Each structure stands twice: as C-alpha cells, then as structure tokens.
**Student:** 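Attaching a single structure in structure tokens format; questions to follow.
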Amino acid sequence: MSTGAKDYDFAKIEPYWQRYWVERKTFRAEDFSEKPKYYVLSMYPYPSGNGLHMGHAINYTAPDILARYKKARGFNILQPMGWDAFGLPTEQYAIQTGTHPRIVTQRNVETFRSELQKLGFAIDWDREVNTTDPDYVKWTQWIFLQLFKRGLAYVDDKPVWWCPALGTVLANEEVIDGKSERGNHPVERRKLRQWVLRITAYAEKLLRGHQRLDWPRSSLKLQRNWIGKSTGAEVTFRLLGLPGEELRVYTTRPDTLFGATYMVLSPEHPLVDNVTTEEHRQAVENYRRVASRKSDLERTDLAKDKSGVFSGGYAINPVNEERIPVWIADYVLMSYGTGAIMAVPGHDERDFEFAGKYDLPIRKVIENDETAAGGLSTELPYMGDGTMVNSGDYTGLRSGEGKAKIVADLANRQMGSPSVQYKLRDWLFSRQRYWGEPFPVTWVSLEDYQKVRASEHNPLQEFLPENPVSYEENGRVLCALPVAESQLPLELPEVESYQPIGTGESPLAGVDHWLQVWLNVDTGETVPKSENPPTEGNWIPGSRETNTMPQWAGSCWYYLRYCDPHNPEALIDPELDRYWGVPDFYIGGSEHVTLHLLYARFWHRVLYDAGIVSHPEPFPKLLHQGIILGEMEFTLFLNPEGNPVSAPLGGREEDFQRRQLRADEVEKSGDNWVWKENPEIIVEGRSHKMSKSRGNVVNPDLLIRNYGADATRMFLMFLGPIEDSKPWNTQGIEGVARFLRRLWREVVGKDGSINRKLTDAPEQNEDLEKLLHHTIRKVTRDNERLHLNTVVSQLMILLNRMQKTPSYSRETAKTFLQLLNPFAPHISEELWKRLGEAPSINDAPWPAFDPAKLVRRKDTVVVQVNGKVRGELRLPKGAAREDAQNAAQALPRVQANLQGKSIAKIIFVPGRILNIVAR
RNA sequence: GCCCGGGUGGCGGAAUUGGUAGACGCUGUGGACUUAAAAUCCAUUGCCCGUGAGGGCGUGCGGGUUCAAGUCCCGCCCCGGGCACCA
C-alpha cells in the first residue's frame, strides 16, 4: 500500500515508509548470507544534548546512499549505528544539574536516534551499540586487559593540563592556546600518576600497515609524520673528568660528527648534575628552575629565542678526541631521542642560531656539491648532503657513505650504534573523570601481588603481565592486579556529586565503599572493605583505580562489535569476524587521523596479534567528508573614528569595529566585494564554520520539516564533492525540492491516479531511451566513486527530458525511480508502489544499461581553425578523414577564417575534433 | 618555517583525465497564468564590442610544451587545514 496522498505530501509519505522499513526490518544485516557482504561505516556520533547538526546529516547521508546502492547491487549490507556516549559534556551537564549521566545519555540517544530515523537511513537498528552499556564496557575493559597482559599498559607520572579555576584536570582537546575551552581559564602543567599505553611499541607496525590502506594520501602522510620515524645513530661521548659516565646522543647526521662544537643536554637530563662544575652550579640550577616553570606553550611558541647555560663540563668527541663544552638548553627535549645532542652549528639551523647567540665556534664539515661546482663556498648553515671536509680520514667521502662508515667504525669501538627514533609518544590513557570506563585493576601490596603471582590456579593469572605494573605511594609499593574476566564489567559506582574533588583526582576517589575492597584471589570476587572482612577463603585488601578511560577507548573497537553486538561470550565471534570482518568503507572527519584512527589501528593490531580478529587493519578504505560552513558573511570594518575602511586591515583587527552587511548591501568588484553605499570600500566576504556562538547554525530538523528528508538528503549531496568543505546556502534547496515535486507530477496526475503520459508499451522514444541508458551508466559509475553531486545533476537532466517528452514508457519511469532511490528513498518507494510494483523498491535489482542503446549513429565533430571553434559537423559514424575535411572546409565560417591563409596541416581525431592549422 | 589540500560566472559547482570551458542548480532579469499571492511554465543570465550575423577576451598571476592546456612542465601570489626547536 502507498499512502494515497494526492500531492507530494512528504510529511505524510516519509514517516509512513520509515515505519514500514523498521517493521519489515528491510535493512537487517543477515549473518552469513549467500550474498557477498558489504559493511558501510561512518564514525558514530557523540549524542550531545543539542541534537543532530548539519555535519551529522551530511556525514550519514553519503554512506547511506552507498549502502542502499550496494544493496540494490546484490550485497548483504551492514550499516549500523551506535553512540560514543561517554564524554565530558554529559558529565559537565551532570555536575550542573545533578542528573545522572546515564539518564542524560539515554535522553540524548533517543533524540539522536529519532532524528536519524527522520532522515530515512537504511540502518540495522538491531545492532545499535552504546559505549556506556555495561555489556559494552565489559569488552572495552577486556581489551584493556589484553593490552595490560602484554605489557602495553603501564602507569607513570605524566604532566597533564590542570585548570586551577575549574579545580580539575582537562583533556588535551579541552585546552586551546593554553586556556580552558570552557570558561577560558588559564591552565598549567602538573605531574600526576597516569595510565599510559605503549603505542610506541607498535610504531613500526602502524607505519608498515599503511601499505595496505586505501586512504586519502594526505591522511597517510599526516599519520606518517605523526609517527615520525627517523633513522640515525646513537653516539657515545665520554665525559672529561667523569670516568664512569657516558653521554649518549642521537643524531641523524653522523657524517657531521667532526663539526660538533658543543653538546646540549635537556634541562631534565639525568647527567646534568654530574656534568655541572661547582663554579657553574648556581647558574645551572637557576636555569633549570626557570625552564621547569615554563609551560609547554612558552617552551614552544615563545621559545623562538633560544636560551641556555654552560655547565662547565666537557665531553670527548669519539672520532677525534676533541674536548667539547657541554651546555644545558631547553631547545633540546628530554622526551625525544636521548635528551641530549651533539650540536653541529655548521649544519643545523637551531644549533647555528644558538651558537651565534652564545658565540660558539661554527665549523664547516660538509661542502655543498652544487655551489662548490660553481666555485662558491658553501654558505652555513647548510643542511643538505654533500662532500665531507675537515673530517679526518673521512674527508672526501659523500655524506651517505660517510654516515655508514662512521657508524660502523664507532660500533666496532662500542662507541655508537645505528638507531631509529619515533616522534610518536606513548598514549596518555587516563582521565580524572567520573563518566568513563573504570580501569579493571585492583591495586594491592607487593607482597600480596607476589602471592597471587606464585599461586598456580586463580582467575587473576590470565591477564597478569610478565612484569608488574606498579607505583610507589607514601613509601608503599602498589601493584596492579587485573580484575578477573568473570567479574567484568567493573561498573561505575553511584556518586553523590559529579564535581571533581579538587585534588586532581576523579570523583571516584571519594567513593570509599567502591574504592576499598576485599579481593578473593581464588575466585576474583570482591566485597566492599567497609563490610566485615569475609572469614572464609583467601582474601586480600585492595583498592580500585580512581582514574577512568578516555573517550577514545570505546571508539577504538566499536566497529567490531556491530558484527556481533549481543554476544555475551566473546568480543566478537570468530565466524562473524571472518564473515563481516572490517568495514569495506569508513567515512569520517579528517580531524581524527592522528587520534581515533591511529588509536583504533593500534588496538586492532594488538587484537590481530593476539589472534582475536583476522584482519590486520581495521579500516582498509577511508574517506573524509568536508565540513559545512555557514552562509557567506560580509563584514564592513570601521576604524576607531567610526569611518569605514577597506579590508584587509593589516595587523591590529581589535582596533576596528565590525558591522555585518546583508548580501544585497554589497557587490562584486574585480576580485573583491565592495560596499554598495561606497564602492571604494572593500568588504570582507567569507564563510565561517557553523557554530552556536556565531549564530550561523542551520538545523537539519528544520529543513526536514520544510522540505522533507528526501529533499534534504539530495540537497546535501548536490552541494558538491563530499570531501570538500563548502559553504551552506539554504536557498539552494529549492532546486531539489522543485525536482521532487516535478517528479511527483510526472508519475501522479492531479486526481491522484497515474499520469496518463505513462504507457505500458516498451519505450518508443529513442532519444529518451538513449539518455536513460547513459544515465544508468553515469549514475552507476558515480555512485561507485561516491561522486554523488553529479548523480543528482544527471537525474535532473533525465527528468527534464522526461518532462518534455509527451509520452514514455512506465518502465522508463520505474528505472528512474530505482536510480533515484538511494538519494530520495521515500518518494521512490511511494511512487514505485503507485506504479503497481511490489514488494519494496529496495528489493529490486539495480538496473543495467545496455551498451547497444548507447551507440550513436552519427558523430558530432567539432571543427576548429587554429584551435578556435568555428563550427560543428554531424558525420556518419566512423567517417573518413577526407570526408570530414571536405565537409569542414565547406562551412562558411571556416572559409571566412581561412581567408588569405594557407593550410599547414589538419589534425583529425575521429568522432571528436578536426583542427585546421593555417598560416 | 615545514607538510598537505585548493584557487573555474553574482553563488554552489561540472568538464569522459590534453579535444566545444561554464553541465546541473541557486540568484538576478523579462514574460505567461492569477483579482492577488503561492505554486507552475517559457525566455534570458561569464565579460567586452556589435542592431544583427559575428568577433575579441576569459579557468589566481607570469612564462613554457602542444595542432589544441582548467587539465602537463617551470617560477610566483593568495586562501584553507595540519605540524611546530623531533636533533
């Protein structure tokens, strides 16, 4: 049954079919179907209180079209949806209102689900996952224990962002330019005990894995740079007067070793105290103190001006026994390489600058071959390769050879070795928050830990790492015991307040009955310590971890759970893992390349190495959508006297007042927008990111109400290539809305019956049939490439033609609906039914084009004279060169343009172009 | 500073990868229908010259290759995004 509506009443049609699809489970993904599978995934949303925004709408529409198209192509489609539901805004809201985050989350999820359903997505809602569900948390914790067991999780004192005004620790993404995102308060670095994941152990695998990924080139590059592999050597310098000590430095340029004129230790380097002489101790202490107080911001942004202090000590260059002064400077970072460098000011920009400032010697040891060939001497600093000079026995060697030879010689003397370094840091994996996954560990004393370790059979053994994870607190060593699998998930306790407790610890630190437990080492069970100590069994005291996991944890593996969302026994059933595997297509924002996408690849690779999943990479094919910007805004600038001035202002924008102008108050003049009132004044015209504070947000819900989901979907796709960010323009939706209304009238007559122009006979109109087959081909090809904007154009072209054709076949109309269906599924389904088709249009196989129908009997050949178009010929297919030439030269316009010239040659591309070159 | 993208009408964009630049749509203009509005339909809409047929210019700028360049090569400019003392 169709809706029976006479007009194109999308408000009636759309909910009708949405209900139909849900009730029929039209889009259920079938486990183990005969059909080939196709798994389409878009990054799941964080269900915020604001509901769906335009970004969501566009992000989920493109994959939905792909899914519906692939379904018609005969694939068994998996298009799931879920919720990244742990997160700070929910917790913040809980703090403000006292509402439990679980309640808030549930409410938001319901809003999101219903808004997504209003867009008519072909989602299998039976597979919905929510990262905050205890059933889901269980497996997040279980994966954490897999990492823990493999020594990939540890605790360390790490500097984190602390916001004194808010009394809490902030995540990196909550800090913008040294201020808190919320409230704009200053933040500072503070050292706190943190869980850290050893992603650096996987640096090489993550790098290698890129080879099999079909990702945007820029994203691969970004990730590669983020991992930042560099190859070089570690070189050992002895220290003058300190026989037992060695100073190890990392360098990528061992060929410049003879150019080292000083050494630099990072202020945090453990050898600083030893190297420093009494005479310089005070200066060094002062310098270290100042450096330690500097925030990262000052050490990076503001530290263009390098500073340092001489330690008084000297190192011995292993290649020539030269005495080299050792400096302390904070342009060397403790966290990279060995935290110490040999400075080669002749061939390193930073060292050059430093040497200039402190008047240290600069020595040339590499000659630039290019300038040398021109008879010029190499200008320093010179960073490139070349020929070694002033380098003892190595003089005359090319940089490449020199590197290898010096490293080999040093290695022979145990004074150096080849070395590989990565910029990638271990992953700070804990937050001092309530609304996150608790860490499934229990802290116990070293003695108790050793007891558990020694005992043969107990459920805690399964996840025990080879080396204990431990830290010292008040002189007591505590070790982390994993929670037994049977006890997972470890759920969050109820708390009275979600307010941070001000010490930098999470609200969990205040929940004693949850925090302090008795742990039964034979069963893994726990009871609150506040209860009477159990008398039976083998119980030890322990305390839980107060940190929780960051939001990334749940998103590192959600794509796996969709394949087997309700399995209580396993993260994913091995059979289902083999069948569905990983997404065939993953769509999401490029802002996630160095965080989510890297983290998830890491977790996945660990699971692969553990034999839990069968594919080494989680996202073989990736696409980023661009962001939707607000509508173009025009800004007129007024100087402090209130007079309009031309943009761009150059420099101090804050001195100027801004006035928003309407689009009809400006006009284009050359490359600029100018003010109509005074066209001398250039106005700024640009689109800004949609944001609440700018007030330029357009809500998809409003569009759906005014134009329907079909029009909204089509317009979002029509806007431009999905990868591009593009400005919004609400007016533009009229175009697709008209298109849909016109389509309706093509099929449905005024009285609600089928339009009489549709015939039952096969298509008689040859031109229309040709265009139809051309459209099938183009739509098919562009769907595959996700060039969805041009699909909409092509469908418009076809409908325009249909409208102008007095009568055509019902088959033509049906094929049109099928091509349209992925984009505008509601109207397609409705009209499909009206045409008497059953069952759902979604069960109809994708139309095939007939190449025979595309063959043209005549070719159109463009005629040019000297590359300029002067006419057009309609020639029989495969016309000979001579015929084309004769016909072309007969054209009056061609003759006119050949007047007084002689033909030099004639280019003929059959079926395409004929170019007469004449002088 | 370095690394990625990208510059095509008033606007969003298209162009089978070297072969008619501006498809499709929005906006604007003129018209039809209507008491009116909405909706719909028709024409027109890159710039300049010309009543017209037609001609010239034109894909950020300058050069080059080619019968032919939005597309390829060299050198710049501008915009967007990412990274930022990584030795």
Side-chain angles (χ1 to χ4, degrees), chain A residues 7 216-222 224-226 228 230 232 249-253 256 264 299-301 303-304 306 329-333 335-344 348-351 353-354 421-425 590-591 593-594 626-627 629 631-632 663 666-668 671 673 685-687 715 718-721 723-736 738-739 741-742 745 777-778 781 787 789-790 792-797 800 803 860-872 892-893 896-897 904-909 911-918:
Chain A
D7 300 324
R217 276 232 319 277
S218 60
S219 300
L220 286 174
K221 187 108 185 181
L222 186 55
R224 191 175 317 133
N225 291 345
W226 189 262
S230 85
V249 302
Y250 172 71
T251 178
T252 54
R253 294 295 301 271
T256 63
V264 184
R299 268 185 83 160
T300 54
D301 281 26
K304 294 293 161 213
K306 294 184 179 37
D330 65 5
Y331 79 92
V332 172
L333 309 175
S335 50
Y336 184 79
T338 60
I341 61 160
M342 62 173 205
V344 184
D348 181 282
E349 231 163 26
R350 297 151 300 181
D351 298 343
E353 191 193 321
F354 190 85
Q421 296 290 328
Y422 300 90
K423 280 200 266 186
L424 185 69
R425 303 289 155 78
S590 56
E591 68 273 22
V593 168
T594 53
I627 53 168
L629 305 170
E631 298 210 31
M632 174 103 90
V666 298
E667 61 189 349
K668 192 90 185 242
D671 288 343
W673 289 96
R686 54 178 291 194
S687 295
F715 183 51
F718 190 50
L719 235 35
E723 310 88 301
D724 294 358
S725 45
K726 43 214 164 247
W728 179 253
N729 178 338
T730 298
Q731 251 175 40
I733 198 173
E734 289 294 347
V736 291
R738 270 173 213 152
F739 166 83
R741 286 195 292 261
R742 269 162 42 212
R745 290 196 308 269
R777 186 174 63 172
K778 176 151 179 75
R781 195 170 47 205
H787 287 198
N789 53 331
T790 52
V792 178
S793 298
Q794 187 60 38
L795 292 172
M796 286 172 164
I797 291 169
N800 286 348
Q803 217 181 344
T860 304
V861 174
V862 171
V863 180
Q864 299 182 331
V865 176
N866 289 335
K868 291 198 170 132
V869 179
R870 300 298 175 189
E872 203 177 271
R893 278 178 70 195
N897 280 284
K905 68 172 163 179
I906 298 180
I907 311 286
F908 180 57
V909 182
R912 215 164 246 172
I913 212 154
L914 184 115
N915 188 9
I916 303 172
V917 185

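Chain identifiers are assigned alphabetically (A, B, ...) following the order of the sequence lines, protein sequences preceding nucleic acid strands; residue numbering begins at 1 within each chain. Please read all numbers here as calculations on a predicted model, not as lab measurements.
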**Student:** What's the gap between B/G7 and B/A14 when it is taken at their P atoms, as a whole Å value?
**Tutor:** 9 Å

**Student:** How long is the line joining CD1 of A/Ile341 and P of B/C85, in whole Å?
**Tutor:** 13 Å

**Student:** When both hydrogen-bonding distances must be under 3.5 Å and the geometry is Watson-Crick or G-U wobble, what is B/A87 paired with, if anything?
**Tutor:** none

**Student:** Whole angstroms only, please: what is the NZ-C1' distance between A/Lys868 and B/G58?
**Tutor:**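 Taking atom C1' of B/G58 as the reference, NZ of A/Lys868 is at 12 Å.
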
**Student:** Using purine N1 to pyrimidine N3 plus N6-O4 or O6-N4 for Watson-Crick, or N1-O2 and O6-N3 for G-U wobble, both under 3.5 Å, which nucleotide pairs with B/C2?
**Tutor:**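 Matched B/C2 with B/G82 under the 3.5 Å cut-off.
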
**Student:** Reckon A/Gln803 touches a base, only the sugar-phosphate, or nothing at all at heavy-atom distances under 4.0 Å?
**Tutor:** sugar-phosphate

**Student:** Could you tell me how far B/C24 sits from B/G6 if I compare only their P atoms? Round to whole Å.
**Tutor:**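 Straight-line distance between the two P atoms is 26 Å.
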
**Student:** Using whole Å, report how far CD1 of A/Ile906 lies from P of B/A68.
**Tutor:** 15 Å

**Student:** For nucleotides B/C77 and B/U27, find the distance between their P atoms and express it as a whole number of Å.
**Tutor:**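 Per the computed distance, 40 Å lies between those P atoms.
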
**Student:** Let me spell it out: for each of A/Lys221 and A/Ile916, pick the nucleotide of RNA chain B with the closest heavy atom. Which residue's pick is nearer the 5' end?
**Tutor:** A/Lys221

**Student:** So, using side-chain contact (heavy atoms from CB on, under 4.5 Å) as the criterion, who are the partners of A/Glu631 when residues are at least two apart?
**Tutor:** A/Trp728, A/Asn729, A/Thr730

**Student:** Should B/U16 form a Watson-Crick or G-U wobble pair with both distances under 3.5 Å, which nucleotide is its partner?
**Tutor:**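 Paired with no nucleotide.
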
**Student:** Under 4.0 Å, counting only non-hydrogen atoms across every strand here, what does A/Lys423 touch: a base, just sugar-phosphate, or nothing?
**Tutor:**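 The residue A/Lys423 makes base contact.
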
**Student:** My understanding is that only residues two or more places apart in sequence, or in another chain, count here; which of them pass side-chain contact (heavy atoms from CB on, under 4.5 Å) with A/Thr252?
**Tutor:**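 side-chain contact (heavy atoms from CB on, under 4.5 Å) check on A/Thr252 returns A/Ser230, A/Tyr250.
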
**Student:** Taking atom P in both B/G70 and B/A21, what distance in whole Å separates the two?
**Tutor:**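 Pairwise P distance, B/G70 against B/A21, rounds to 8 Å.
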
**Student:** If only side-chain N and O atoms of A/Arg217 are considered, is one of them under 4.0 Å from the OP1 or OP2 phosphate oxygen of B/G5?
**Tutor:**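 Checking A/Arg217 against B/G5: at least one side-chain N or O falls below 4.0 Å of OP1 or OP2.
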
**Student:** Considering only the P atoms, how many Å lie between B/U65 and B/U45, rounded to the nearest integer?
**Tutor:** 37 Å

**Student:** Assign each of A/Arg425 and A/Lys905 to its nearest nucleotide of RNA chain B by heavy atoms, then name whichever residue's nucleotide is nearer the 5' end.
**Tutor:** A/Lys905

**Student:** B/G1 and B/C49: how far apart are their P atoms, nearest whole angstrom?
**Tutor:**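 Per the computed distance, 43 Å lies between those P atoms.
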
**Student:** Counting only Watson-Crick or G-U wobble pairs whose two distances fall under 3.5 Å, which nucleotide matches B/C26?
**Tutor:** B/G10

**Student:** Check the chi torsion on B/G46 and let me know: syn if it falls within 90° of 0, anti if not.
**Tutor:**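 Anti.
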
**Student:** Need one value for A/Arg224: base, sugar-phosphate or nothing, where a base atom within 4.0 Å counts as base even if backbone is also close, heavy atoms only.
**Tutor:**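 The answer is nothing, as A/Arg224 stays clear of every strand by at least 4.0 Å.
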
**Student:** With rounding to whole Å, what would you report as the distance between B/G55 and B/G22 at their P atoms?
**Tutor:** 16 Å

**Student:** Could you state the interatomic distance from CD1 (A/Ile916) to CD1 (A/Ile907), rounded to the nearest 0.5 Å?
**Tutor:**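 Between atom CD1 of A/Ile916 and atom CD1 of A/Ile907 there are 11.0 Å.
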
**Student:** At under 4.0 Å between heavy atoms, how does the protein contact nucleotides 11-26 of chain B? Give one character per nucleotide, 5' to 3', with B, S or -.
**Tutor:** SBSS----BB--BBSS

**Student:** Given 3.5 Å as the limit, does a donor-acceptor pair link the side chain of A/Asp724 with the main chain of A/Gly626, or not?
**Tutor:** no

**Student:** Nearest whole angstrom, please: distance from the C1' of B/C67 to the CG of A/Asn897.
**Tutor:**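 Rounding to the nearest Å, CG of A/Asn897 and C1' of B/C67 are 16 Å apart.
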
**Student:** What are the two closest non-hydrogen atoms of A/Trp673 and A/Gly685, and how far apart are they?
**Tutor:** CD1-CA, 4.4 Å

**Student:** Within the pair A/Ser230 and B/A87, is there a side-chain N or O less than 4.0 Å away from OP1 or OP2?
**Tutor:**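 Result: yes.
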
**Student:** Whole-Å distance between B/G6 P and A/Leu629 CG?
**Tutor:** 17 Å

**Student:** Could you tell me whether the side chain of A/Asp7 reaches within less than 4.5 Å of the side chain of A/Arg741, counting heavy atoms only?
**Tutor:**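 Of all side-chain heavy-atom pairs linking A/Asp7 with A/Arg741, none is under 4.5 Å.
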
**Student:** How close or far is atom C1' of B/C67 from atom CZ of A/Arg870, stated in whole angstroms?
**Tutor:**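 Value for this atom pair: 15 Å.
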
**Student:** Whole Å only: how far is the CG atom of A/Asn225 from the P atom of B/G5?
**Tutor:** 12 Å

**Student:** Taking pairing as Watson-Crick or G-U wobble with both contacts under 3.5 Å, can you name the mate of B/U66, or confirm there isn't one?
**Tutor:**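 Result: none.
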
**Student:** Within the 4.0 Å heavy-atom criterion, would you say A/Trp728 contacts the bases, only the backbone, or no part of the nucleic acid?
**Tutor:** nothing

**Student:** Tell me every residue that passes salt bridge (charged side-chain N to carboxylate O under 4.0 Å, His left out) with A/Asp351, counting only those two or more places apart in sequence or in another chain.
**Tutor:**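 Checked A/Asp351 against salt bridge (charged side-chain N to carboxylate O under 4.0 Å, His left out); zero matches.
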
**Student:** Suppose we screen for side chain to side chain donor-acceptor pair (under 3.5 Å). Which residues come up paired with A/Ser219, at least two apart in sequence or across chains?
**Tutor:**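 For A/Ser219 the side chain to side chain donor-acceptor pair (under 3.5 Å) partners, ignoring immediate neighbours, are A/His624.
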
**Student:** Between B/G82 atom P and A/Leu220 atom CG, what is the distance in whole Å?
**Tutor:** 18 Å

**Student:** Suppose we screen for salt bridge (charged side-chain N to carboxylate O under 4.0 Å, His left out). Which residues come up paired with A/Lys778, at least two apart in sequence or across chains?
**Tutor:** A/Asp782

**Student:** With a 3.5 Å limit on both atom pairs, tell me what B/U59 is paired to, counting Watson-Crick and G-U wobble, or say none.
**Tutor:**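 Pairing partner, where one exists within any strand: none, as none qualifies.
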
**Student:** So how far is it from A/Tyr336 OH to A/Leu424 CG, rounded to the nearest 0.5 Å?
**Tutor:**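 It is 11.5 Å, given to the nearest 0.5 Å.
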
**Student:** Going by purine N1 to pyrimidine N3 plus the second Watson-Crick contact, or the G-U wobble pair, all under 3.5 Å, which nucleotide sits opposite B/A37?
**Tutor:**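 Partner of B/A37: none.
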
**Student:** Taking syn as within 90° of 0 and anti otherwise, name the glycosidic form of B/U17.
**Tutor:**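 Syn, since the glycosidic angle lies within 90° of 0.
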
**Student:** Say we look at B/G60 and B/G28: how far apart would their P atoms be, to the nearest angstrom?
**Tutor:**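 Going atom to atom, P in each nucleotide, I get 28 Å.
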
